[in-house]
Structures are given as C-alpha cells and as structure tokens.
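All figures in this text were calculated on a predicted structure; none of them were measured in a lab. Every number for a ligand or one of its atoms is a count from 1 in the order of the listing.
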Amino acid sequence: MRSKNHLFSGKVALVTGAAQGIGRAVALMLAEEGADVAVNDIQKEKGEDVVATIKRIGRSSIFYEADVSSFRDCEKMIDTVVKELGGINILINNAGIVMDQLLIRMSEDEWDRVNEVNLKGVFNCCKAALRYMSRQKEGKIISITSVAAQMGNIGQANYSASKAGIIGLTKSLAREFASRNININAIAPGFINTDMTKNIPEKAKQYILSLIPMERFGEVEHVTHAVRYLASSASDYITGQVINVNGGIYM
Ligand code: NAP
C-alpha cells in the first residue's frame, strides 16, 4: 500500500544495471520509499528476482532486459516504463562494467566496450528520459561515476575515462535542463563491497585499504543514502554536482 509519508510516493523510477550490487540496493530503497520501480539489466533471472521483491514490498515494478549501450533499446525501454508504470520521474544510471588491463595490453574492443556501456549508456538513457522529463518540467537524474574518474587507476584507462566522461556529461546536461526543474547529479563511490570488487587480489586490496582514511571498503547502503538524498526534494537546489562516497580516499 502506498503511504503519503513515503519519500517517493507517486514517483516512477528506472534503475539501470539493477539485478545486483549497488543498482539492486538502490531499486529496493526507492521501492521501500514508495516509488514504482523499473529494473533494467542484461541479467534476466536476477533482474526478475528484484522485481518480485519490489512487488512483495507492495509497489509496481517491471523488468526490462536491455543493453544500455544501444540507443534504440534505451528509447524503447523508457517508452515502455512510461506506458506501463505511468511516467518517469527518477532515472538512476548505474549499469557499468570493468575490463581492466594495462594500456599496453588493452585492446581497442576493451576500450570501446567499456565506453559504450559506461558513458554512451548514460547518454542514451538521459536523452530518452529527458524527452519526458522536459515536457513535465520535473525530474531527477543520478549517474554513478567512480573515484577512478577523479584519481585515475592503473589498469583502468578505459574505465576511468568513461567515468570521467559521465562527470562532464552530467555538468553539461545539468546546465541545459536546470530551467526545466530537472536536477542532474552524479555519485562517485570509492571501493564498495559488490561483485565488481570481490576479486581484487589480496595484495592490491591491502594497498587500497592503506589509502582509505576510514580503513574499510564501503557497503551498498552508503551509496543508497546518497541516492535517496539526490532523488528527493531535499536536494531541489543542487544540480551538476558530484557527491563522493569514498571513505575519504579522494577529497
Ligand atoms: P555489478 O555488481 O557488476 O552490477 C552491475 C550490473 O549491471 C550487473 O548486473 C551487470 O550485469 C549489469 N550490466 C552490465 N552491463 C550492462 C549493460 N550493457 N546494460 C545493462 N546492464 C548491464 O556492479 P556494482 O559494483 O554494483 O556497480 C554499479 C555501478 O557503480 C557501476 O556503474 C560501477 O562502475 C559503479 N561503481 C562501483 C564501485 C564499486 O566499488 N563496486 C565503485 C565505483 C563505482 P553483468 O554482471 O552481466 O555484467
């Protein structure tokens, strides 16, 4: 049942890459706070599990299997969300991949694929969603970038560049759509415990921990708290910003 006390009652959200990890936690938080939530991913089974959980919370939800690197698929996805859930108020660009390799060994395909998913995917979903948001003169877009965009990281030339691109894209779109009452921001997590970070070799992990003032990796909830703030009216006068959720590794 929808309660007026919930932060996102009456809102429709789309979270990309929401079958697991940060995206899943964000999708569930938005549903707990009253939003109807569309779950996107390329992992069908896990994505449908998230939808089932959202429905148990009592919200409407659909799973949309799509690769965010395809503009046409993103357009169709947003049209479907609007048709089936009744609108689009909140877009969380979360889908992302790594294909780590020292530059000397990085293939053109590894460069292209990471940028197509991580950066072009954000462009695709923003462009498709902003058609609706600009008409309704209201919306919140939050894209998940990374501390790697700000500090660089050995073996992540493709990933760091794609995530730095998200920051430039966010600032440009924030300027373009500010007068339409649309807030467009980014969150830059540091190292968060998910599948993406679980295979970091122990020696590298110890080195990373030595750089984090808070001496630990973050949890997905640390990111969802920042999303909750940026998706809510509490942040109505904030746009074009990057919020760091990183235990102090980059200040
Ligand atoms: P994750 O556990 O790997 O989850 C990402 C999800 O996105 C996976 O289900 C993945 O499917 C899906 N996905 C991959 N390519 C896609 C595509 N083309 N279209 C739609 N969905 C796609 O990652 P996470 O750790 O939760 O990270 C979420 C976001 O936070 C990413 O953008 C990541 O770069 C960013 N981030 C994470 C950390 C961290 O420490 N975990 C730090 C900074 C930023 P597959 O598993 O099949 O690829």
Side-chain angles (χ1 to χ4, degrees), residues 14-29 38-51 63-78 81 91-100 110 112-125 128 142-153 155-156 158-167 169-170 186-200 204-205 208-209 211-212 214 216-224 226-227 242-247 249-250:
L14 165 65
V15 186
T16 68
Q20 63 180 44
I22 293 170
R24 177 181 186 278
V26 167
L28 296 181
M29 177 279 292
V39 171
N40 154 263
D41 210 283
I42 47 175
Q43 293 203 55
K44 191 162 190 271
E45 213 169 299
K46 282 189 181 176
E48 282 173 347
D49 276 356
V50 179
V51 167
F63 175 66
Y64 198 97
E65 188 179 1
D67 176 342
V68 294
S69 69
S70 158
F71 179 68
R72 189 191 285 259
D73 288 356
C74 289
E75 259 191 336
K76 277 196 231 153
M77 171 166 70
I78 303 275
V81 172
L91 167 66
I92 314 294
N93 290 306
N94 167 80
I97 56 169
V98 287
M99 288 180 144
D100 295 354
E110 285 165 340
D112 286 346
R113 185 64 189 148
V114 167
N115 277 282
E116 277 164 17
V117 174
N118 295 6
L119 179 55
K120 189 177 171 223
V122 175
F123 164 81
N124 290 343
C125 292
I142 299 146
S143 302
I144 309 298
T145 173
S146 168
V147 70
Q150 301 159 315
M151 295 177 71
N153 200 13
Q156 291 199 313
N158 50 0
Y159 182 78
S160 305
S162 70
K163 293 295 187 180
I166 289 177
I167 296 177
L169 175 60
T170 296
I187 293 172
F191 290 83
I192 307 294
N193 283 317
T194 68
D195 279 9
M196 194 177 263
T197 50
K198 77 175 179 200
N199 292 324
I200 296 176
K205 191 171 176 185
I208 294 164
L209 284 171
L211 301 177
I212 303 174
M214 289 192 162
R216 62 182 194 274
F217 279 19
E219 304 302 330
V220 290
E221 290 73 24
H222 294 122
V223 181
T224 62
V227 174
V242 182
I243 294 197
N244 298 331
V245 181
N246 65 21
I249 190 172
Y250 176 84

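Of all protein heavy atoms, the one closest to atom 34 (O) of ligand 1 is Tyr159 OH, 2.6 Å. Nearest to atom 8 (C) of ligand 1 among the protein's heavy atoms is Asp41 OD2, 3.7 Å. Remark: minimum distance from atom 16 (C) of ligand 1 to any protein heavy atom is reached at Ile42 CD1, 3.7 Å. Scanning the protein heavy atoms around atom 1 (P) of ligand 1, the nearest turns out to be Gln20 NE2, 3.4 Å. Of all protein heavy atoms, the one closest to atom 35 (C) of ligand 1 is Ile144 CG2, 3.7 Å. Closest to atom 46 (O) of ligand 1, if we only count protein heavy atoms, is Gln43 NE2, 2.9 Å.
The only option from Arg72, Lys120, Arg113 that meets the salt bridge (charged side-chain N to carboxylate O under 4.0 Å, His left out) definition with Asp67 turns out to be Arg113.
Near Thr197, with a cut-off below 4.0 Å to any heavy atom, the atoms of ligand 1 are 39 (C), 40 (O), 41 (N). Ligand-side atoms of ligand 1 in range of Ala66: 19 (N), 20 (C), range being under 4.0 angstrom from any heavy atom. Of all atoms in ligand 1, numbered sequentially from 1 with element shown, those under 4.0 Å from a heavy atom of Phe191 are 40 (O).
Side chain to side chain, Asn93 and Ser143 meet the donor-acceptor criterion of an N or O pair below 3.5 Å. Inspection of the Asn244 and Gln150 side chains reveals an N or O donor paired with an N or O acceptor under 3.5 Å.
Under the 3.5 Å distance criterion, the side-chain polar atoms of Thr197 are left unmatched by any main-chain donor or acceptor of Phe191.
Judged by the 6.0 Å and 45° rule, Lys76 forms no cation-pi pair with Tyr64.
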